[in-house]
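As a basis for the values below, the full set of heavy atoms in this structure was taken, side chains included, without hydrogen atoms, waters or symmetry mates.
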Amino acid sequence: MLEAKGLCKDFGGKPALRDVSFKLEKGEIYGLLGHNGAGKSTSLGIILGMVAPGSGEVFIDGISVQKNRAKALRKVGAIFEAPAFYDYLSGWENLKILMGYSGGFDEKAAREVIEQVGLTKRVGSKVRTYSHGMRQRLALAQALLPEPELLLLDEPTDGLDPEGIKWFREFILQLRAEKGMTVLFNSHLLSEVEIMCDRVAILREGRRVFEGPVTDFRDDIPVYQVDFDPWEISKAFIRRMGGEIVGKGKISLPRETDPAEVVEGLVRAGVKVREFARVRRSLEDVYMEILNGKGSPN
């Protein structure tokens with residue numbers, strides 16, 4: 001549904017993207033992750049044709065954004081950066097004006113989308129009276145009104161309360177289940193990305209340093225929550241066994257290593273073992289390892 005090929009972009013001589021490529025299949029939810037300045041928003045800007053790449057190209061359903069932007073974006077809805085509305089107009093009037101810019105306003109479709117996003121009771125109110133969550137719902141309604149097949153979302157849950165984040169997550173998953181919607185979004189909320197996404201890509205300093213299915217990293221390296229005393233002796237022993245310290249109170253061991261032998265060796269070395277439990281490796285674990293330089297580019 002979407003393919004980015006070899007995207008490069010400089011701003012003032014400073015590289016923002018360096019040969020970034022990724023691909024989304026139809027019906028997939030794909031997360032684009034990275035710290036501030038890693039290139040996430042620049043990538044979305046290039047996909048939407050709002051930023052010209054130094055080199056590289058984006059294809060949406062086989063159509064080049066750089067060569068035929070209008071045709072490529074017909075199947076796309078987006079929330080990019082901070083949604084802007086006319087605060088002195090109602091939500092309904094905003095949708096009417098904004099949709100008129102892109103080829104016409106369908107009142108029936110608009111009322112259906114407003115009902116979907118839960119704004120029916122307030123769509124007649126002026127936008128200046130909206131909470132942040134209501135503005136995000138209005139932005140989502142605007143993104144959905146072209147009846148897109150691909151939805152691009154730039155930090156869509158930023159600033160939302162836990163209830164709003166949960167609603168957004170369930171809404172996007174329902175869109176995919178009912179309409180086969182393809183979704184690309186970037187977010188700092190790794191736990192939400194892990195729940196929602198089929199695959200993720202991690203950008204670091206403008207390069208893609210990781211891409212893969214969310215399920216792949218969960219069990220690729222055994223990770224254990226531990227409580228050892230003394231810790232310095234324990235660390236040295238774990239490293240001799242081929243293991244690593246991967247976080248506070250967390251270690252990883254090679255697959256072939258028997259945990260029982262590790263515990264036995266620690267006890268013989270005079271270490272008190274208060275906790276030694278296998279834990280599921282999370283997206284946050286992978287993210288921090290990669291951004292700290294332990295992951296290898298792919």
Side-chain angles (χ1 to χ4, degrees), residues 1-81 143 148-156 176 181-188 190 193-194 196-217 220 283 286-298:
M1 187 66 198
L2 183 152
E3 184 174 11
K5 288 185 173 181
L7 301 183
C8 295
K9 180 65 180 178
D10 290 358
F11 290 107
K14 182 179 179 180
L17 290 178
R18 294 183 280 180
D19 195 27
V20 170
S21 299
F22 53 87
K23 183 188 295 187
L24 279 69
E25 303 297 335
K26 288 187 177 182
E28 184 174 36
I29 300 179
Y30 190 100
L32 198 59
L33 308 176
H35 58 274
N36 290 335
K40 305 185 303 297
S41 292
T42 301
S43 298
L44 287 183
I46 291 173
I47 291 169
L48 288 168
M50 299 171 71
V51 176
S55 60
E57 197 167 4
V58 174
F59 298 89
I60 297 175
D61 207 18
I63 302 168
S64 170
V65 173
Q66 282 65 48
K67 294 176 181 175
N68 196 340
R69 181 181 182 233
K71 187 176 181 181
L73 296 182
R74 282 177 190 168
K75 299 181 178 182
V76 177
I79 300 177
F80 183 59
E81 297 184 334
E149 295 178 28
L150 172 65
L151 194 58
L152 305 178
L153 305 172
D154 185 23
E155 298 287 355
R176 196 261 292 274
M181 188 83 72
T182 306
V183 181
L184 169 66
F185 74 100
N186 66 51
S187 177
H188 290 300
L190 301 184
V193 172
E194 187 170 355
M196 291 175 61
C197 290
D198 303 299
R199 289 190 301 134
V200 296
I202 297 176
L203 302 183
R204 181 178 66 197
E205 297 176 355
R207 294 187 184 277
R208 194 199 78 192
V209 294
F210 176 88
E211 183 185 50
V214 171
T215 53
D216 276 10
F217 58 72
D220 58 349
L283 176 57
V286 175
Y287 182 81
M288 294 309 299
E289 288 169 21
I290 289 171
L291 293 193
N292 289 331
K294 294 180 180 178
S296 56
N298 63 10

In plain terms, say whether E57 and K67 are close enough for a salt bridge, that is, a side-chain N and a carboxylate O under 4.0 Å apart. yes
For C197 and G31, the nearest pair of non-hydrogen atoms, with its separation, is SG-N, 3.4 Å
Got a donor-acceptor contact below 3.5 angstrom from the S64 side chain to the F59 backbone? no
Which residue in the set E194, E28, E25 passes salt bridge (charged side-chain N to carboxylate O under 4.0 Å, His left out) when paired with R199? E28
In terms of heavy-atom contacts, Y30 and K23 come closest through CE1-O, 3.9 Å
Point-to-point distance, once rounded to the nearest 0.5 Å, from CD1 of I46 to SG of C8: 8.5 Å
Could you state the interatomic distance from CE (M1) to CE (M181), rounded to the nearest 0.5 Å? 9.5 Å
Heavy-atom closest contact (L7 atom, G56 atom, distance): CD2-C, 4.0 Å
Got a donor-acceptor contact below 3.5 angstrom from the S21 side chain to the G6 backbone? yes
Atom CG of D61 and atom NZ of K71: how far apart are they, to the nearest 0.5 Å? 10.0 Å
From L2 CG over to K26 NZ, what is the distance, rounded to the nearest 0.5 angstrom? 12.0 Å
Test side chain to side chain contact (heavy atoms under 4.5 Å, CB included) applied to I63 and V65, step by step: CA-CA 6 Å; I63 302 168; V65 173; over 6 Å; no
Between atom CG of D154 and atom CG of L32, what is the distance when rounded to the nearest 0.5 Å? 9.5 Å
Can you list the steps and then say if V214 with V200 is a side chain to side chain contact (heavy atoms under 4.5 Å, CB included)? CA-CA 7 Å; V214 171; V200 296; 4.0 Å; yes
Which heavy atom of R208 sits nearest to which heavy atom of L203, and what is that distance? CA-CD2, 3.7 Å
Check whether N186 reaches the backbone of E155 with its side chain - one donor and one acceptor, N or O, closer than 3.5 Å. yes
Are R176 and D198 ion-paired here, with the side-chain N under 4.0 Å from a carboxylate O? yes
For V58 and K5, run side chain to side chain contact (heavy atoms under 4.5 Å, CB included): C-alpha distance rounded to whole Å, both residues' side-chain angles, the deciding distance at 0.1 Å, then the answer. CA-CA 6 Å; V58 174; K5 288 185 173 181; over 6 Å; no
Kindly indicate whether the side chain of S43, heavy atoms from C-beta on, has any atom under 4.5 Å from the side chain of L17. yes
Can a salt bridge be assigned to the pair R207 and D19 using a cut-off of 4.0 Å between side-chain N and carboxylate O? no
Given F185 and L44, is the side chain to side chain contact (heavy atoms under 4.5 Å, CB included) satisfied, shown in steps? CA-CA 9 Å; F185 74 100; L44 287 183; over 6 Å; no
Is the backbone of L48 close enough, under 3.5 Å, to the side chain of R69 for a donor and an acceptor to pair up by distance? yes
Which heavy-atom pair separates K9 from A52 by the least distance, and what is that distance? NZ-O, 2.8 Å
Nearest heavy-atom neighbours spanning A78 and L151: N-CD1, 4.4 Å
Which value, rounded to the nearest 0.5 Å, describes the distance between L150 atom CG and L24 atom CG? 7.0 Å
Please confirm whether the backbone N or O of L33 pairs with a side-chain atom of K40, one donor and one acceptor, at under 3.5 Å? no
